[in-house]
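This structure is in structure tokens; I'll ask about it shortly.
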Amino acid sequence: MSAVSAKSILVIGAAESCLGMIKAIQRKGHEALVVGTSSDQPGFGLANASLLCNDGDIEKVVEFAIHHQAAGIVPTPVDRTLAWQAEVAKRLNLIFIPPERIPNFRHKYTQKQALKRAGIPCAEGYLWQGSKAWEYEAEKLGYPLVCKPIDGYASRGVCKCDNKADLEKFITEARAFSSDGSVILEEFMEGKEFNAEGVCFQGRPYVYALVEKISDPFPYTVEMGHIIPPAISEEDKAQLGNLASKAARALGLENGAFNIELKLEKGEARIVEVNGRLAGDFIISHLLKPSTGLDMEEAVVDIALGREPVFEHNKPDNCGIVRFFNLPAGKRIIKVPDLEATIRQRNLIWAKSFYAVGDLVPAVTHMGQRSGFVILVAQNREAMFRATDDAIREIVAGFELA
């Protein structure tokens with residue numbers, strides 16, 4: 001590590017989802033200052049320096065960062081820590097989303113209002129705070145509609161409601177995942193859903209990849225896979241990328257990462273949600289580079305230090321997929337298969353089970369309850385789907401359940 005070029009960069013997050021970001025900092029020749037809230041988080045094992053503290057402790061993190069001369073702070077694939085990161089960055093005068101703009105990315109109704117003011121097409125919606133009957137708002141929208149918590153994440157509490165009985169059932173669930181009990185009732189948008197993954201540097205957006213989503217059937221909105229590149233026309237790709245860039249600018253993202261969810265409804269792109277962070281589900285850390293040759297995590301490191309990221313419009317040579325699987329709900333896990341053997345034999349990028357021996361498999365109502373995944377690349381979509389199906393079939397068959 002060069003004594004001249006090396007910088008210390010702060011990562012607030014030590015969970016498995018943050019490991020890719022920590023490794024990217026170190027690949028760039030810098031030191032990773034890792035903050036975690038639980039001593040068993042794996043990020044501590046990679047850190048050049050680490051801090052264990054309570055969730056949201058600004059003072060302790062600022063003190064730690066000053067001691068280690070932090071020169072930057074990076075986003076991670078986690079929504080919940082955005083406000084914490086922003087306050088720390090402000091205190092340290094580091095590049096990040098300003099605290100006053102965090103509601104544009106964490107409060108979904110504030111976000112919707114900002115998008116509509118900018119003329120960005122998105123779903124109509126109403127904020128329901130429990131002070132009056134929700135029937136009025138629901139009738140104005142019409143069914144079907146989407147009910148979701150004001151600041152939830154990983155699809156927790158997000159449900160499609162086809163009628164009043166559905167809404168009566170799901171609105172309580174949505175409130176349970178909302179920090180203040182507020183809920184958005186939102187127009188349901190038809191069409192295929194996609195992600196736009198990219199960064200902003202000094203107000204200029206760069207879309208690194210468009211991602212096609214695979215989702216479970218409604219009423220829940222559980223994402224079960226992500227594919228790069230999407231099977232759509234170049235015209236539709238341009239439409240999605242352009243709208244994502246406009247949305248990032250409209251919400252005031254000057255520097256950092258974005259993960260933007262969009263739909264193509266009757267051939268027209270519309271925004272679902274805008275996240276001011278890296279995508280989850282290991283899309284950025286494990287899928288994007290093998291599929292496109294681009295490293296968005298390293299770009300984020302450069303941006304944190306005020307440097308323009310490397311970006312090239314190169315067409316993917318491979319088709320890549322993150323594909324999740326679910327085990328039968330209500331079963332107890334007796335044995336987990338040897339996933340390392342499957343990874344080697346089938347040339348997978350990664351495979352993982354979220355459950356261990358003794359765990360009871362839950363019914364899946366949000367993304368935090370999925371059973372596991374495989375990640376792989378292939379030369380075309382047909383080969384990709386075939387290899388994915390074979391790998392998941394082998395893995396699932398290797399579990400012993402009771």
Side-chain angles (χ1 to χ4, degrees), residues 9 20-21 23-25 27-28 30 72-77 79 82 85-86 89 94-98 101 104-105 111 114-115 118 120 194-213 226-230 232-262 264 269 271-318 320:
I9 299 178
M21 197 67 256
K23 292 175 182 177
I25 290 168
R27 282 199 307 274
K28 296 285 286 183
H30 305 303
I73 182 171
V74 290
T76 66
D79 283 306
L82 266 183
Q85 292 165 322
L94 299 178
I95 296 169
F96 203 76
I97 303 171
R101 294 183 190 166
N104 283 350
F105 302 96
Q111 178 180 114
L115 291 172
I120 305 293
F194 304 88
N195 284 353
E197 313 298 354
V199 300
C200 284
F201 176 68
Q202 295 181 353
R204 299 195 304 275
Y206 301 79
V207 176
Y208 273 63
L210 294 173
V211 185
E212 179 182 336
K213 288 189 182 184
H226 310 278
I227 301 170
I228 300 176
I232 54 176
S233 68
E234 293 302 315
E235 180 182 6
D236 282 339
K237 290 177 185 176
Q239 184 184 177
L240 291 170
N242 290 337
L243 184 59
S245 297
K246 290 178 182 178
R249 288 194 296 263
L251 297 182
L253 184 61
E254 294 288 329
N255 296 284
F258 59 78
N259 159 248
I260 300 181
E261 301 169 359
L262 312 96
L264 281 172
I271 297 293
V272 178
E273 283 185 12
V274 180
N275 302 297
R277 54 161 174 81
L278 297 169
D281 283 350
F282 308 101
I283 295 171
I284 307 303
S285 60
H286 286 76
L287 182 63
L288 192 145
K289 189 170 183 179
S291 302
T292 68
L294 298 172
D295 194 322
M296 198 171 121
E297 288 175 315
E298 291 191 7
V300 167
V301 175
D302 286 332
I303 291 168
L305 296 173
R307 301 169 181 168
E308 186 164 9
V310 174
F311 178 78
E312 297 176 359
H313 288 277
N314 65 332
K315 195 171 183 179
D317 294 321
N318 296 314

Practice task
For residues His226 and Glu212, determine if any side-chain heavy atom of one lies less than 4.5 Å from a side-chain heavy atom of the other.
Solution key: no
Handout entry: Test log, rule side chain to side chain contact (heavy atoms under 4.5 Å, CB included), inputs Lys289 and Ile284
Key = CA-CA 8 Å; Lys289 189 170 183 179; Ile284 307 303; over 6 Å; no
Handout entry: Leu288 and Glu297, any side-chain heavy atoms less than 4.5 Å apart
Key = no
Fill in the blank from the handout: Shortest non-hydrogen pair, Ala269 vs Leu240, comes out as CB-CD2, 3.9 Å
Problem - Beyond-backbone contact of Ile25 with Val74, side-chain heavy atoms, under 4.5 angstrom - result: yes
Handout entry: Test item: Asp295 and Arg27 side chains (from C-beta on) under 4.5 Å apart, heavy atoms
Key = yes
Practice task
Might you work through the side chain to side chain contact (heavy atoms under 4.5 Å, CB included) test for Leu262 and Leu264, ending with a clear yes or no?
Solution key: CA-CA 7 Å; Leu262 312 96; Leu264 281 172; over 6 Å; no
Exercise for the section: Working to the nearest 0.5 Å, report the span between CD1 of Ile227 and CD1 of Ile283. Expected result: 11.0 Å
Exercise for the section: Spell out, as yes or no, whether a donor-acceptor pair under 3.5 Å connects the side chain of Asn275 to the backbone of Ile260. Expected result: no
Handout entry: Check: Val274 main-chain N/O paired with Gln111 side-chain donor or acceptor under 3.5 Å
Key = yes
Handout entry: Donor-acceptor under 3.5 Å (Arg101 side chain, Gly252 main chain)
Key = yes
Practice task
Compare every heavy atom of Pro309 with every heavy atom of Tyr208, then report the nearest pair and how far apart it is.
Solution key: OH-CB, 3.8 Å
Practice task
For the residue pair Ile9 and Leu305, establish whether any side-chain heavy-atom pair is separated by less than 4.5 Å.
Solution key: yes
Exercise for the section: May I ask you to test the Gln85-Phe96 pair for a side-chain heavy-atom distance under 4.5 Å? Expected result: yes
Problem - Asp236 (side chain) donor-acceptor with Ile232 (main chain) under 3.5 angstrom - result: no
Exercise for the section: Please report the C-alpha distance between Arg249 and Glu254 in whole Å, then the side-chain angles of each, then the deciding distance to 0.1 Å, and finally whether the side chain to side chain contact (heavy atoms under 4.5 Å, CB included) criterion is met. Expected result: CA-CA 7 Å; Arg249 288 194 296 263; Glu254 294 288 329; over 6 Å; no
Exercise for the section: For Asn259 and Ala196, indicate whether the former's side chain and the latter's backbone hold a donor-acceptor pair under 3.5 Å. Expected result: no
Practice task
Looking only at non-hydrogen atoms, find the nearest pair between Asn255 and Gln202 and report the distance.
Solution key: OD1-N, 2.8 Å
Problem - Where Val207 and Ser245 come nearest, the two heavy atoms and their spacing - result: CG2-OG, 3.8 Å
Exercise for the section: Take Leu251 and Leu115 through the test side chain to side chain contact (heavy atoms under 4.5 Å, CB included) and record every step on the way to the result. Expected result: CA-CA 7 Å; Leu251 297 182; Leu115 291 172; 4.1 Å; yes
Problem - Asn195 side chain to Glu261 side chain, donor-acceptor N/O pair below 3.5 angstrom - result: no
Handout entry: Separation between CZ of Phe194 and CG of Leu243, rounded to the nearest 0.5 Å
Key = 13.0 Å
Handout entry: Closest contact, heavy atoms only, Ile228 versus Leu210
Key = CG1-O, 4.1 Å
Exercise for the section: Flag the pair Met21 / Val300 as yes when at least one side-chain heavy-atom distance between them is below 4.5 Å, and no otherwise. Expected result: yes
Fill in the blank from the handout: Residues Phe258 and Ala248: closest non-hydrogen pair is CD2-CB, 4.0 Å
Handout entry: Residue pair Glu308 / Tyr206, side-chain donor-acceptor N/O under 3.5 Å
Key = yes
Handout entry: Non-hydrogen side-chain atoms of Phe105 and Leu253 separated by less than 4.5 Å
Key = yes
